[in-house]
**Student:** 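Here it is, the structure in full.
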Amino acid sequence: MESFEERRRSMECPEGRAVMFEEVSAASFRIREGINRTPCDRSHMSALTGMEIFFKKEYQQFTGSFKERGARNTIKLLNAEQRLKGVIAASAGNHALSLAYHGRDLKVPVTVIMPLTAPLMKVSLCRQYDANVIQHGRDFGEAKDYAMAMGEEKGLLYVNGYDDVSILAGQGTMGLEIIEQVPDLDAIVIPVGGGGLLAGTALAIKTLKPNVTVISVESDKCPSWAAALEQGRPVPTRVEPTLADGLAVPTVGYNAFKTAKDLVDRHVVISEDLIALAILRLVEMEKAVVEGAGATALAACLGGDLRELKGKKVVIPLCGGNIDTTVLGRCLERGLAADGRLIKFVVRVDDRPNGVAELTRIIGGLGVSIKDIFHERAWVRSDIFNVDIKCVCETRDYGHAMALRDDLEKAYPRGVRWISDLREVIEE
């Protein structure tokens, strides 16, 4: 049995260990009976982007993400002693769900350490899959330290969700399926957090189709892969709150980086607004509910950073669908704002009869819907007979929003103020 120090060194060795294609191929055979072969369908967004897009729908796995591939492969590789004692992992979401589900299916005890900030829905689901769930730590780092210490104390094998070689090999099986489903693809755009999915998939695709372009994408709130590429090795990176919480890994995996660094042709860092817009587009056009991390690759295509892919056949993995209902609502509203369909502004009007009526007449005359309206008198520093009217309005699209802007600024030449950067968004 692999010692804990050996396992710790394999995950934190600066040189790392590259996964071999043979390991991915073997994993594909090993997990074939326990993993869904998800569809890879042509997207309704192909006309919108100018690319022939195919979505690999990994959110249709039983627990809602690609993480099942690596989890099942890892559990299937355990020796008799390890199967009896069980495994332990730290995770706030998809890795914990995948290990718990496949551990129950393969009759291997699973302990997951989840930070106190983990979504209650995911904590509850892990318990439903018979995992021993312990909530500890303010963040993933504290949960991981606790899990590694507990594993060493109780003889449980720690499973890293994005850097164990068996995890990487399992994730790479998605790439094998993609080659079979879209054999003439020109490019694949892959989200990257810790690097497990990128490493395994890039290895599989580049081995079988060396001319396929591999592009990695991450949020600007946690650009750990960009930092690793710049430094030539994984380095700690500051993590900020992000819609793509599944990608918020401060240091990419050493084995993942060793495997993928020479296989990725281009890397893109994108904004949070584009991720929100991608989630909105998927709901509206694909009827698919996908989490922020799963929508990140599409966000890069929507943002105009990948114009070289116009006219090309492009595969995008939608790699997870486990998004909290409350977070989904916020993402949709932010997506509407990024799309110019939800706008916020302040207009200073005459605080006499018909002052506000005239404003609403202009808005209503264009067919714009008022979602919220608020009067502000106390903090107006000009004429005592003026009032600031704060409005949130819903429009059809950018053109509709610009028409409203033009009419308002014609009627109130010095009295319109657009909140935050929404005016810049509308003018793009």
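We count residues from 1, following the sequence as given.
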**Student:** Would you call D186 and K313 a salt bridge, using N to O less than 4.0 angstrom?
**Tutor:** no
**Student:** Is it the case that the side chain of H95 and the backbone of V159 share a donor-acceptor pair, with hydrogens and angles ignored and the cut-off at 3.5 Å?
**Tutor:** yes
**Student:** Between E308 and R266, is there a side-chain N and carboxylate O pair less than 4.0 Å apart?
**Tutor:**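 R266 and E308: salt-bridged.
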**Student:** I want to check a possible cation-pi pair here: R69 against F66, using under 6.0 Å from ring centre and within 45° of the ring axis as the test.
**Tutor:**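 Negative - R69 is either too far from the ring of F66 or too far off its axis.
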**Student:** Can you check side chain to side chain contact (heavy atoms under 4.5 Å, CB included) on R281 and D339, steps first, answer last?
**Tutor:** CA-CA 10 Å; R281 289 280 189 267; D339 205 21; 2.9 Å; yes
**Student:** Once rounded to the nearest 0.5 Å, what's the spacing between atom CE of M20 and atom CG of L168?
**Tutor:**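 If we round to the nearest 0.5 Å, M20:CE and L168:CG are 13.5 Å apart.
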**Student:** With distance as the sole criterion, is a donor-acceptor pair present between the side chains of E272 and T242 under 3.5 Å?
**Tutor:**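 There is such a pair (donor and acceptor under 3.5 Å, judged by atom type) between the side chains of E272 and T242.
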**Student:** Could you tell me whether the side chain of M114 reaches within less than 4.5 Å of the side chain of I134, counting heavy atoms only?
**Tutor:** no
**Student:** Please test E286 against S43 for side chain to side chain donor-acceptor pair (under 3.5 Å), starting from the C-alpha separation and ending with a verdict.
**Tutor:** CA-CA 7 Å; E286 298 291 330; S43 167; 2.6 Å; yes
**Student:** State which residue, out of V217, L298, L198, L247, fulfils the side-chain contact (heavy atoms from CB on, under 4.5 Å) condition with P191.
**Tutor:** L247
**Student:** Please name the pair of heavy atoms, one in A100 and one in A131, separated by the smallest distance, quoted to 0.1 Å.
**Tutor:** CB-CB, 3.6 Å
**Student:** Can you give me the closest heavy-atom contact between V189 and C301, atom names plus distance?
**Tutor:**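 Taking every non-hydrogen atom into account, CG2-SG, 4.3 Å.
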**Student:** Does D163 use its side chain to pair, donor to acceptor, with the backbone of N255 at less than 3.5 Å?
**Tutor:** yes
**Student:** Any idea which heavy atoms bring A169 and A27 closest together, and the distance?
**Tutor:** O-CB, 3.8 Å
**Student:** Verify, without hydrogens or angle tests, whether T213 (side chain) and A187 (backbone) share a donor-acceptor contact under 3.5 angstrom.
**Tutor:** no
**Student:** Please check: side-chain N/O of S124 versus main-chain N/O of L120, any donor-acceptor pairing under 3.5 Å?
**Tutor:** no
**Student:** With a 4.5 Å heavy-atom cut-off, do W225 and T237 have their side chains touching?
**Tutor:**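 Counting from C-beta outward, W225 and T237 never come under 4.5 Å.
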**Student:** In Å and rounded to the nearest 0.5 Å, what is the CD1 to NE2 distance from I75 to H102?
**Tutor:**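 Between atom CD1 of I75 and atom NE2 of H102 there are 7.5 Å.
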**Student:** For atom NZ of K371, is the number of surrounding heavy atoms from other residues, nucleotides or ligands below 6.0 Å larger than 12?
**Tutor:**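 At most 12 heavy atoms, drawn from other residues, nucleotides or ligands, come within 6.0 Å of this atom.
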**Student:** Does K67 reach the main-chain N or O of L97 with its side chain, forming a donor-acceptor pair under 3.5 Å?
**Tutor:**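 Not at all, since once roles are kept as given, no pair shorter than 3.5 Å links the two residues.
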**Student:** So, K56 and Q181: side-chain donor and acceptor under 3.5 Å apart, yes or no?
**Tutor:** yes
**Student:** Inspect the surroundings of CE in M285 and state if more than 12 heavy atoms from other residues, nucleotides or ligands are less than 6.0 Å away.
**Tutor:**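 Counting other residues, nucleotides and ligands, CE of M285 exceeds 12 neighbours.
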**Student:** Under the 3.5 angstrom rule, does the side chain of K107 hit a backbone N or O of R104 as a donor-acceptor pair?
**Tutor:**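 Checking the backbone N and O of R104 against the side chain of K107, no donor-acceptor pair under 3.5 Å is found.
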**Student:** Check this for me: does any side-chain nitrogen of one of E23 and R17 sit under 4.0 Å from a carboxylate oxygen of the other?
**Tutor:** yes
**Student:** Is there a donor in the side chain of S166 and an acceptor in the side chain of T74, or the other way round, less than 3.5 Å apart?
**Tutor:** yes
**Student:** Which pair of non-hydrogen atoms, one from G103 and one from V110, has the smallest distance, and what is that distance?
**Tutor:**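 The answer is CA-CG2, 3.8 Å.
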**Student:** Apply side chain to side chain contact (heavy atoms under 4.5 Å, CB included) to the pair I270 and V268, showing each step before the final yes or no.
**Tutor:** CA-CA 6 Å; I270 61 167; V268 178; 3.8 Å; yes
**Student:** Show me, pair by pair, the donor-acceptor contacts under 3.5 angstrom made by side chains of residues 314-329, not counting sequence neighbours?
**Tutor:**
residue : atom : partner : partner atom : Å
N322    : ND2  : T63     : O            : 2.9
N322    : ND2  : N94     : OD1          : 2.6

**Student:** Taking atom CG of L408 and atom SG of C391, what is their separation to the nearest 0.5 Å?
**Tutor:**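 One gets 8.0 Å once the value is rounded to the nearest 0.5 Å.
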**Student:** May I have the step-by-step check of side chain to side chain contact (heavy atoms under 4.5 Å, CB included) for V290 and I279, ending in yes or no?
**Tutor:** CA-CA 6 Å; V290 177; I279 294 172; 5.9 Å; no
**Student:** Between K344 and D372, does at least one N-O distance fall below 4.0 Å, as a salt bridge requires?
**Tutor:** no
**Student:** Using the six-membered ring wherever Trp is involved, compare the ring planes of H136 and Y146 and label them parallel, tilted or perpendicular (cut-offs 30° and 60°).
**Tutor:**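 Judged by the thresholds at 30° and 60°, the geometry between H136 and Y146 is parallel.
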**Student:** Taking atom CZ as the centre, does R417 end up with more than 12 heavy-atom neighbours from other residues, nucleotides or ligands that are less than 6.0 angstrom away?
**Tutor:**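 For R417, atom CZ is not crowded (no more than 12 foreign heavy atoms under 6.0 Å).
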**Student:** Kindly compute the distance separating CG (L78) from NZ (K85), expressed to the nearest 0.5 Å.
**Tutor:**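 Atom-to-atom, L78:CG and K85:NZ are 12.5 Å apart.
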**Student:** Looking only at heavy atoms, which two atoms of A147 and A90 are closest? And how far apart?
**Tutor:** CB-CB, 4.1 Å
**Student:** Do L282 and V289 have side-chain heavy atoms sitting under 4.5 Å apart?
**Tutor:**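 Side-chain contact under 4.5 Å: no.
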**Student:** Name the residue from C222, S224, S219, P223 that meets the side-chain contact (heavy atoms from CB on, under 4.5 Å) definition with V239.
**Tutor:** C222
**Student:** In terms of relative ring orientation, are F62 and Y101 parallel, tilted or perpendicular, with 30° and 60° separating the classes?
**Tutor:**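 Parallel.
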**Student:** Is the closest side-chain heavy-atom distance between Y162 and Q171 below 4.5 Å?
**Tutor:**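 No - every pair of side-chain heavy atoms lies 4.5 Å or more apart.
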**Student:** Between E58 and S65, is there a side-chain donor-acceptor contact under 3.5 Å, judged purely by atom types and distance?
**Tutor:** no
**Student:** Does E52 come within less than 4.0 Å of R42, counting only side-chain N to carboxylate O?
**Tutor:**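 Salt bridge: yes.
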**Student:** Do I88 and V112 touch side chain to side chain, with heavy atoms closer than 4.5 Å?
**Tutor:** no
**Student:** Nearest 0.5 angstrom please: L203 CG to F21 CZ, how far?
**Tutor:**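 Reported to 0.5 Å precision, the distance equals 7.5 Å.
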**Student:** Do the side chains of D105 and R72 get close enough for a salt bridge, i.e. N-O under 4.0 angstrom?
**Tutor:**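 Yes, D105 and R72 are salt-bridged.
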**Student:** Is there a donor-acceptor contact under 3.5 Å from the side chain of T395 to the main chain of G340?
**Tutor:** yes
**Student:** Quick one, V368 and H400 - any side-chain contact, counting heavy atoms below 4.5 Å?
**Tutor:** yes
**Student:** Are V347 and D388 packed together at the side-chain level, in the sense that at least one heavy-atom pair is separated by less than 4.5 angstrom?
**Tutor:** no
**Student:** Passes side chain to side chain contact (heavy atoms under 4.5 Å, CB included), N73 versus I167? Steps please.
**Tutor:** CA-CA 7 Å; N73 188 49; I167 291 285; over 6 Å; no
**Student:** I'd like to know if the side chain of S28 and the backbone of V24 have a donor-acceptor N/O pair within less than 3.5 Å.
**Tutor:**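 Judged by distance alone, no pair lies under 3.5 Å.
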**Student:** Taking side chain as C-beta onward, heavy atoms only, is T173 less than 4.5 Å from I35?
**Tutor:** no
**Student:** Measure from the side-chain N and O atoms of K310 to the backbone N and O of T49, and report whether any donor-acceptor pair falls under 3.5 Å.
**Tutor:**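 Between the backbone of T49 and the side chain of K310 there is a qualifying donor-acceptor contact (under 3.5 Å).
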**Student:** Other residues, nucleotides and ligands only: do more than 12 of their heavy atoms fall within 6.0 Å of CD on E33?
**Tutor:**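 It does not: E33 CD has 12 such atoms or fewer within range.
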**Student:** Look up atom CG in L306 and atom CE in M51, then write down how far apart they are to the nearest 0.5 Å.
**Tutor:**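 Nearest 0.5 Å value for the CG-CE distance: 5.5 Å.
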**Student:** State whether K206 and D265 are salt-bridged, where the test is any N-O pair (Lys NZ or Arg NE/NH1/NH2 against Asp/Glu carboxylate O) under 4.0 Å.
**Tutor:** yes
**Student:** Please answer whether the main-chain N or O of A149 pairs with a side-chain N or O of E153 as donor and acceptor at a distance below 3.5 Å.
**Tutor:**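 Here the side-chain-to-backbone pair does not exist.
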**Student:** Return the minimal non-hydrogen interatomic distance between A96 and S91, and the atom names on each side.
**Tutor:**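 Reported closest heavy-atom pair: N-OG, 3.1 Å.
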**Student:** Check R341 with D397, please: is the shortest side-chain N to carboxylate O separation under 4.0 Å?
**Tutor:** no
